[in-house]
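Start at 1 and go down the list; that is how both ligands and their atoms are numbered. Given the structure is predicted, the values throughout are model-derived calculations rather than measurements. Numbers for residues simply follow the sequence, beginning at 1.
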Amino acid sequence: MKFFIDTANLKDIKEAHELGVLDGVTTNPSLMAKEGIKGQANVLAHYKAICEIVDGDVSAEVIATDYVGMIKEGEELVKIDPKIVVKIPMIKDGVKALKYFSDRGIRTNCTLVFSSGQALLAAKAGATYVSPFVGRLDDISQDGLLLIQDIVKIYSNYGFKTQVLAASVRHSMHLLKCAELGADVVTCPLGVITSLLKHPLTDSGLATFLNDHKKVNA
Ligand code: E4P
(Lines give C-alpha, C1' and ligand atoms only; values in the text may rest on other atoms or scores of the structure.)
Protein backbone atom coordinates (compact mmCIF):
# COMPACT_ATOMS: atom_id res chain seq x y z
CA MET A 1 0.00 0.00 0.00
CA LYS A 2 1.33 3.42 -0.97
CA PHE A 3 1.21 6.37 1.45
CA PHE A 4 0.65 9.77 -0.14
CA ILE A 5 0.55 12.96 1.89
CA ASP A 6 -2.39 15.25 1.16
CA THR A 7 -0.90 18.73 1.51
CA ALA A 8 1.01 21.50 -0.23
CA ASN A 9 2.93 22.31 2.96
CA LEU A 10 6.65 21.82 2.26
CA LYS A 11 7.57 21.31 5.93
CA ASP A 12 5.04 18.48 6.33
CA ILE A 13 6.11 16.92 3.03
CA LYS A 14 9.77 17.00 4.16
CA GLU A 15 8.89 15.48 7.53
CA ALA A 16 6.91 12.64 5.91
CA HIS A 17 9.72 12.05 3.40
CA GLU A 18 12.33 11.94 6.18
CA LEU A 19 10.24 9.35 8.03
CA GLY A 20 11.04 7.13 5.04
CA VAL A 21 7.52 5.94 4.29
CA LEU A 22 6.31 8.50 1.78
CA ASP A 23 5.35 7.36 -1.72
CA GLY A 24 3.89 10.57 -3.13
CA VAL A 25 1.90 13.77 -2.68
CA THR A 26 -1.60 14.90 -3.58
CA THR A 27 -2.59 18.54 -3.72
CA ASN A 28 -5.74 20.39 -4.69
CA PRO A 29 -6.54 24.08 -5.26
CA SER A 30 -7.79 24.45 -1.66
CA LEU A 31 -4.53 23.04 -0.25
CA MET A 32 -2.47 25.37 -2.49
CA ALA A 33 -4.59 28.35 -1.36
CA LYS A 34 -4.07 27.31 2.29
CA GLU A 35 -0.31 27.77 1.76
CA GLY A 36 -0.96 31.21 0.21
CA ILE A 37 0.33 30.13 -3.23
CA LYS A 38 -1.20 32.38 -5.87
CA GLY A 39 -0.45 33.25 -9.50
CA GLN A 40 0.37 30.66 -12.16
CA ALA A 41 4.17 31.11 -11.96
CA ASN A 42 4.17 30.61 -8.18
CA VAL A 43 1.88 27.61 -8.44
CA LEU A 44 4.18 25.92 -10.98
CA ALA A 45 7.27 26.79 -8.89
CA HIS A 46 5.59 25.30 -5.79
CA TYR A 47 4.88 22.04 -7.63
CA LYS A 48 8.55 21.95 -8.65
CA ALA A 49 9.60 22.48 -5.02
CA ILE A 50 7.37 19.56 -3.96
CA CYS A 51 8.82 17.33 -6.70
CA GLU A 52 12.33 18.10 -5.47
CA ILE A 53 11.51 16.74 -2.01
CA VAL A 54 9.66 13.51 -2.82
CA ASP A 55 10.63 10.43 -4.80
CA GLY A 56 7.10 9.47 -5.92
CA ASP A 57 4.11 10.81 -7.80
CA VAL A 58 2.87 14.37 -7.24
CA SER A 59 -0.74 15.09 -8.22
CA ALA A 60 -1.29 18.61 -9.59
CA GLU A 61 -4.90 19.58 -10.28
CA VAL A 62 -6.15 21.45 -13.35
CA ILE A 63 -8.36 24.49 -12.79
CA ALA A 64 -10.01 24.45 -16.23
CA THR A 65 -13.31 22.59 -16.50
CA ASP A 66 -13.53 22.39 -20.31
CA TYR A 67 -11.79 19.70 -22.38
CA VAL A 68 -9.44 22.02 -24.32
CA GLY A 69 -8.51 23.97 -21.19
CA MET A 70 -7.79 20.79 -19.20
CA ILE A 71 -5.56 19.42 -21.98
CA LYS A 72 -3.64 22.70 -22.25
CA GLU A 73 -3.17 22.96 -18.50
CA GLY A 74 -2.28 19.29 -18.05
CA GLU A 75 0.35 19.49 -20.78
CA GLU A 76 1.92 22.48 -19.01
CA LEU A 77 1.84 20.70 -15.65
CA VAL A 78 3.66 17.59 -16.90
CA LYS A 79 6.50 19.75 -18.23
CA ILE A 80 7.35 20.74 -14.63
CA ASP A 81 8.73 17.34 -13.65
CA PRO A 82 8.34 13.65 -14.63
CA LYS A 83 6.78 13.03 -11.18
CA ILE A 84 3.71 15.13 -12.01
CA VAL A 85 0.38 13.31 -12.33
CA VAL A 86 -2.43 15.42 -13.85
CA LYS A 87 -5.38 15.59 -11.48
CA ILE A 88 -8.68 15.86 -13.32
CA PRO A 89 -12.20 16.27 -11.90
CA MET A 90 -14.87 13.64 -12.56
CA ILE A 91 -16.98 15.65 -15.00
CA LYS A 92 -17.90 14.89 -18.62
CA ASP A 93 -15.01 16.85 -20.16
CA GLY A 94 -12.78 15.38 -17.48
CA VAL A 95 -13.53 11.84 -18.69
CA LYS A 96 -12.56 12.90 -22.23
CA ALA A 97 -9.38 14.49 -20.89
CA LEU A 98 -8.51 11.29 -18.96
CA LYS A 99 -8.76 9.35 -22.22
CA TYR A 100 -6.66 11.94 -24.08
CA PHE A 101 -3.85 11.75 -21.52
CA SER A 102 -4.08 7.98 -21.15
CA ASP A 103 -3.71 7.53 -24.94
CA ARG A 104 -0.51 9.59 -24.75
CA GLY A 105 1.00 7.80 -21.75
CA ILE A 106 0.47 10.78 -19.42
CA ARG A 107 -0.50 9.73 -15.90
CA THR A 108 -3.72 11.02 -14.36
CA ASN A 109 -5.59 11.08 -11.06
CA CYS A 110 -9.37 11.33 -11.41
CA THR A 111 -10.58 13.35 -8.42
CA LEU A 112 -13.90 14.16 -6.73
CA VAL A 113 -15.20 10.60 -7.10
CA PHE A 114 -18.21 9.79 -4.93
CA SER A 115 -19.80 6.74 -6.61
CA SER A 116 -18.70 3.41 -8.05
CA GLY A 117 -20.25 4.43 -11.41
CA GLN A 118 -17.88 7.40 -11.56
CA ALA A 119 -14.98 5.11 -10.65
CA LEU A 120 -15.94 2.68 -13.42
CA LEU A 121 -15.96 5.53 -15.95
CA ALA A 122 -12.54 6.75 -14.75
CA ALA A 123 -11.10 3.26 -15.21
CA LYS A 124 -12.68 2.88 -18.67
CA ALA A 125 -11.08 6.21 -19.64
CA GLY A 126 -7.67 4.88 -18.53
CA ALA A 127 -7.06 6.93 -15.36
CA THR A 128 -3.86 5.94 -13.53
CA TYR A 129 -5.47 6.69 -10.15
CA VAL A 130 -9.05 7.15 -9.05
CA SER A 131 -9.68 9.23 -5.91
CA PRO A 132 -12.86 8.33 -4.00
CA PHE A 133 -13.35 10.80 -1.11
CA VAL A 134 -13.97 8.74 2.03
CA GLY A 135 -14.30 11.52 4.63
CA ARG A 136 -16.55 13.76 2.55
CA LEU A 137 -19.03 10.89 2.11
CA ASP A 138 -18.94 10.23 5.85
CA ASP A 139 -19.62 13.96 6.34
CA ILE A 140 -23.01 13.55 4.62
CA SER A 141 -23.82 10.32 6.48
CA GLN A 142 -22.89 7.98 3.64
CA ASP A 143 -20.36 5.19 4.18
CA GLY A 144 -17.14 6.29 2.46
CA LEU A 145 -15.40 3.00 3.20
CA LEU A 146 -18.20 1.05 1.51
CA LEU A 147 -17.37 2.95 -1.68
CA ILE A 148 -13.71 1.84 -1.41
CA GLN A 149 -14.89 -1.77 -1.00
CA ASP A 150 -17.18 -1.52 -4.05
CA ILE A 151 -14.52 0.02 -6.29
CA VAL A 152 -11.85 -2.50 -5.28
CA LYS A 153 -14.31 -5.33 -6.10
CA ILE A 154 -15.37 -3.86 -9.47
CA TYR A 155 -11.77 -3.20 -10.57
CA SER A 156 -10.72 -6.68 -9.49
CA ASN A 157 -13.65 -8.29 -11.39
CA TYR A 158 -12.32 -6.92 -14.67
CA GLY A 159 -8.62 -6.49 -13.99
CA PHE A 160 -8.65 -2.71 -14.42
CA LYS A 161 -5.16 -1.26 -13.92
CA THR A 162 -6.45 2.00 -12.40
CA GLN A 163 -5.19 2.27 -8.81
CA VAL A 164 -7.66 3.02 -6.03
CA LEU A 165 -6.34 6.08 -4.20
CA ALA A 166 -8.46 6.51 -1.07
CA ALA A 167 -8.69 10.27 -0.53
CA SER A 168 -10.20 12.49 2.15
CA VAL A 169 -8.78 10.03 4.70
CA ARG A 170 -9.16 11.81 8.00
CA HIS A 171 -7.95 9.42 10.75
CA SER A 172 -6.04 6.21 11.39
CA MET A 173 -9.15 3.98 11.35
CA HIS A 174 -9.99 5.23 7.85
CA LEU A 175 -6.43 4.41 6.78
CA LEU A 176 -6.39 0.94 8.35
CA LYS A 177 -9.81 0.03 6.96
CA CYS A 178 -8.64 1.14 3.48
CA ALA A 179 -5.64 -1.19 3.93
CA GLU A 180 -7.99 -4.07 4.89
CA LEU A 181 -10.19 -3.38 1.88
CA GLY A 182 -7.24 -3.43 -0.51
CA ALA A 183 -6.97 0.25 -1.57
CA ASP A 184 -3.73 0.67 -3.52
CA VAL A 185 -2.96 4.09 -2.02
CA VAL A 186 -4.18 6.34 0.80
CA THR A 187 -3.69 10.07 0.88
CA CYS A 188 -4.00 11.90 4.19
CA PRO A 189 -2.49 14.67 6.31
CA LEU A 190 0.87 14.05 8.06
CA GLY A 191 -0.89 13.66 11.43
CA VAL A 192 -2.79 10.60 10.23
CA ILE A 193 0.45 8.89 9.23
CA THR A 194 2.24 9.76 12.49
CA SER A 195 -0.81 8.68 14.53
CA LEU A 196 -0.02 5.12 13.43
CA LEU A 197 3.08 5.31 15.64
CA LYS A 198 1.18 5.80 18.84
CA HIS A 199 0.35 3.18 21.44
CA PRO A 200 0.33 3.76 25.22
CA LEU A 201 1.88 0.32 25.86
CA THR A 202 4.83 1.27 23.59
CA ASP A 203 5.38 4.44 25.65
CA SER A 204 5.05 2.76 29.06
CA GLY A 205 7.09 -0.27 27.92
CA LEU A 206 9.92 1.94 26.70
CA ALA A 207 9.88 3.99 29.91
CA THR A 208 10.21 0.75 31.95
CA PHE A 209 13.06 -0.58 29.78
CA LEU A 210 15.01 2.69 30.10
CA ASN A 211 14.36 2.91 33.84
CA ASP A 212 15.54 -0.67 34.45
CA HIS A 213 18.66 -0.04 32.36
CA LYS A 214 19.38 3.12 34.38
CA LYS A 215 19.00 1.25 37.71
CA VAL A 216 21.82 -1.19 36.94
CA ASN A 217 24.01 1.26 35.03
CA ALA A 218 23.83 4.20 37.44
C1 E4P B 1 -7.14 14.47 -2.32
O2 E4P B 1 -6.84 14.25 -3.44
C3 E4P B 1 -8.32 15.27 -1.92
O4 E4P B 1 -8.26 16.51 -2.52
C5 E4P B 1 -8.37 15.37 -0.43
O6 E4P B 1 -8.04 14.12 0.12
C7 E4P B 1 -9.64 15.93 0.13
O8 E4P B 1 -9.62 15.78 1.53
P9 E4P B 1 -10.63 16.57 2.48
O10 E4P B 1 -12.01 16.05 2.23
O11 E4P B 1 -10.16 16.28 3.86
O12 E4P B 1 -10.52 18.03 2.10
How long is the straight-line distance from CG of L181 back to CE of M1, given to the nearest 0.5 Å? 9.0 Å
Interatomic distance, Q149 atom CD to I154 atom CD1 [nearest 0.5 angstrom]: 11.0 Å
Would you call D212-K215 a salt bridge at under 4.0 Å N-O? yes
So which pairs with a foot in residues 189-218 pass ring-ring contact (aromatic ring centres under 6.0 Å, His included), sequence neighbours left out? none
For residues 96-145, which residue pairs qualify under ring-ring contact (aromatic ring centres under 6.0 Å, His included), counting only residues two or more places apart or in two chains? F4-Y129, F114-F133
For S168, all residues meeting side-chain hydrogen bond (donor to acceptor under 3.5 Å, both in side chains), sequence neighbours excluded: R170
May I have the N/O to N/O pairs between ligand 1 and the protein that fall below 3.5 Å, each with atom names and distance to one decimal?
from: ligand 1; atom 1: 2 (O); to: K87; atom 2: NZ; distance (Å): 2.6
from: ligand 1; atom 1: 4 (O); to: N28; atom 2: ND2; distance (Å): 2.7
from: ligand 1; atom 1: 4 (O); to: K87; atom 2: NZ; distance (Å): 3.4
from: ligand 1; atom 1: 6 (O); to: D6; atom 2: OD2; distance (Å): 2.6
from: ligand 1; atom 1: 6 (O); to: S168; atom 2: N; distance (Å): 2.7
from: ligand 1; atom 1: 10 (O); to: R136; atom 2: NE; distance (Å): 2.7
from: ligand 1; atom 1: 10 (O); to: S168; atom 2: OG; distance (Å): 2.7
from: ligand 1; atom 1: 10 (O); to: R170; atom 2: NH2; distance (Å): 3.0
from: ligand 1; atom 1: 11 (O); to: R170; atom 2: NE; distance (Å): 2.9
from: ligand 1; atom 1: 12 (O); to: R136; atom 2: NH2; distance (Å): 2.8

